[in-house]
Amino acid sequence: MASPRLETFCCPNRDAATQLVLDFQPQVYGSLCLGSGLVSLLLTIVQLLPKTKHGYRRHGRSMLPKPSSSRILFLVIVCDLLGCLGILIRSSVWISSPGFISNMSLMNTSDIWPSSFCVGSAMWIQLFYSASFWWLFCYAIDAYLVVRRSAGISTIVLYHMMTWGLALMLCVEGVAMLYYPSVSNCENGLEHAIPHYVTTYAPLLIVMFANPILFRRTVAAVASLLKGRQGIYTENERRLGTEIQLRFFKIMLVFMICWTANIINETLLFYLEMQPDIKTDQLKNVRNAALITWFIMGILNPMQGFLFTLAFYGWTGWNVDFNFRQKETAWERVSTSSLTEAAHNGTNGSFLDYPGYIQNQNKTEIGNSQQTDEALSILSEGNGSIVERLSRNSPVYQGW
């Protein structure tokens, strides 16, 4: 589970709300996180391994660079895997060595390893999940720029700088404020905890509120792009627009499922933290709701990586092919190989290569169709058949 309360655990003088969730069935909670993280890690790896199933076979090694959106989606999953790995390690240690938690509660203990492990594992989890949020934000930006024909080859470098720079800066800044003047003697008071919570939830809230706006603008731009292909909006264009809209919806649905419980839980714990006594009968329902959402977080947070592979690529199957040099992985679709073949056959990297594709057409019309098909192929990865039908109906396409 990924929560700013993880870093608060490391302070021996932690607040009563944090102590509430820490003391409630720690072994059961650790086992739940461990099981969820292990299932997510294994299924995500299975999803990404090359498959022998039809549609994943490579027709030759691609000589063209992958679009930035494909790389971003892969980096989102990698960050989720690394964050899930941190959850697995932390949960395993907490289950096997309960003394780590009890030692962290001692003010003047000479054993620094429990606190060091607590801080290190919490920062690891926060850093990679925060990077995953920033990559999702970059994906929304990149999708919009691709449709607007504004994304360049060097854009991915800027995304790397923004994602890792912001994730590292916010993580270090929040932890430094929380652990002032030291981990063994954290300052009490919300003025030290709030900056840490803000730096943790800022990227999450940005994705939650900004990405739907960017996705909506992208879908609107896609509709204009499709209409501009032939001057009409046929059933194929409408179907592709729906597929792209559905793709964005699935991304946001997974994100909301995995992280809404965190927002609710943090709101409840913050409310309890403001109360003089959290053990009163009037707050019983609030305490129960906080504990329920706490366990929900332990299940859903580690599952984000696997659920995203389903949203990005669908279920890729169990037919794993370990001949890595000849097969492609799940994120390299038939559209990539088709794009490569088109490049080798001299069509300047158009999306699909058909006989007579450039017959009796002017270069401007071909270039515009190429750019449109490439933009649509990036946004509709996994739906190459729909884009293929669109290309066949394009005015620059000549039948077999």
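The structure displayed is predicted, hence computed values, not measured ones.
- Rounded to the nearest 0.5 Å, atoms CD1 (Ile95) and SG (Cys33) are 8.0 Å apart.
- A donor-acceptor pair under 3.5 Å is absent between the side-chain atoms of Arg216 and the main chain of Asn211, judged by distance alone.
- Side chain of Ser130 to backbone of Leu127: no donor-acceptor contact under 3.5 angstrom is found.
- Looking at heavy atoms from C-beta onward, Phe308 lies in side-chain contact with Leu136 at the 4.5 angstrom threshold.
- Taking CZ of Phe215 as the start and CD of Gln245 as the end, the distance is 12.0 Å to the nearest 0.5 Å.
- Residues Leu49 and Leu42 share a hydrophobic cluster, clusters being chains of Ile/Leu/Val/Met/Phe/Trp/Tyr side chains in contact below 4.5 Å.
- Remark: side-chain polar atoms of Arg90 are not paired, donor with acceptor, to backbone N or O of Ala122 under 3.5 angstrom.
- Trp259 places a side-chain heavy atom less than 4.5 Å from the side chain of Gln304.
- Atoms CZ and CG, on Phe24 and Asn288 in that order, are 8.0 Å from each other to the nearest 0.5 Å.
- Side-chain atoms of Thr18 and Leu269, non-hydrogen and from C-beta on, never get closer than 4.5 Å to each other.
- Centroid-to-centroid, the aromatic rings of Phe133 and Phe255 come within less than 6.0 Å.
- Here Glu243 contributes atom CD and Arg239 contributes atom CZ; the two are 8.5 Å apart, rounded to the nearest 0.5 Å.
- For Phe128, the ring pair (Phe, Tyr, Trp, His ring centres under 6.0 Å) partners two or more places apart in sequence, or in a different chain, are Trp124.
- With a 4.5 Å cut-off on side-chain heavy atoms, Ile264 and Ile296 do not count as touching.
- Checked by atom type and distance alone, the side chain of Gln47 pairs as donor or acceptor with a backbone atom of Thr316 at under 3.5 Å.
- In terms of the ring pair (Phe, Tyr, Trp, His ring centres under 6.0 Å) criterion, Tyr271 has no residue partners (sequence neighbours excluded).
- Side-chain contact between Ile206 and Tyr201: absent, with no pair of heavy atoms (C-beta onward) separated by less than 4.5 Å.
- Connection of Ile213 to Phe248 is not established within any shared hydrophobic cluster, with ILVMFWY side chains joined at heavy-atom distances below 4.5 Å, either directly or through further cluster members.
- Proximity of a side-chain donor or acceptor of Arg287 to a complementary backbone N or O of Ile278 within less than 3.5 Å is detected.
- The CG atom of Leu34 sits 13.0 Å away from the CH2 atom of Trp94 when rounded to the nearest 0.5 Å.
- Side-chain atoms of Cys258 and Leu307, non-hydrogen and from C-beta on, do get closer than 4.5 Å to each other.
- Classified by interplanar angle (parallel below 30°, tilted 30° to 60°, perpendicular above 60°), the ring pair Trp134/Phe137 is perpendicular.
- Residues meeting the side-chain hydrogen bond (donor to acceptor under 3.5 Å, both in side chains) test with Thr293, sequence neighbours left out: Asn265.
- Side chain of Asp80 to backbone of Phe306: no donor-acceptor contact under 3.5 angstrom is found.
- Classification of the Tyr139-Phe312 ring pair by plane angle, with boundaries at 30° and 60°, yields tilted.
- Proximity of a side-chain donor or acceptor of Ser40 to a complementary backbone N or O of Ser36 within less than 3.5 Å is not detected.
- Taken from CG in Asn262 to CG in Asn301, the straight-line distance is 4.0 Å, to the nearest 0.5 Å.
- Ring centroids of Trp135 and His160 are separated by less than 6.0 Å, placing the two rings close together.
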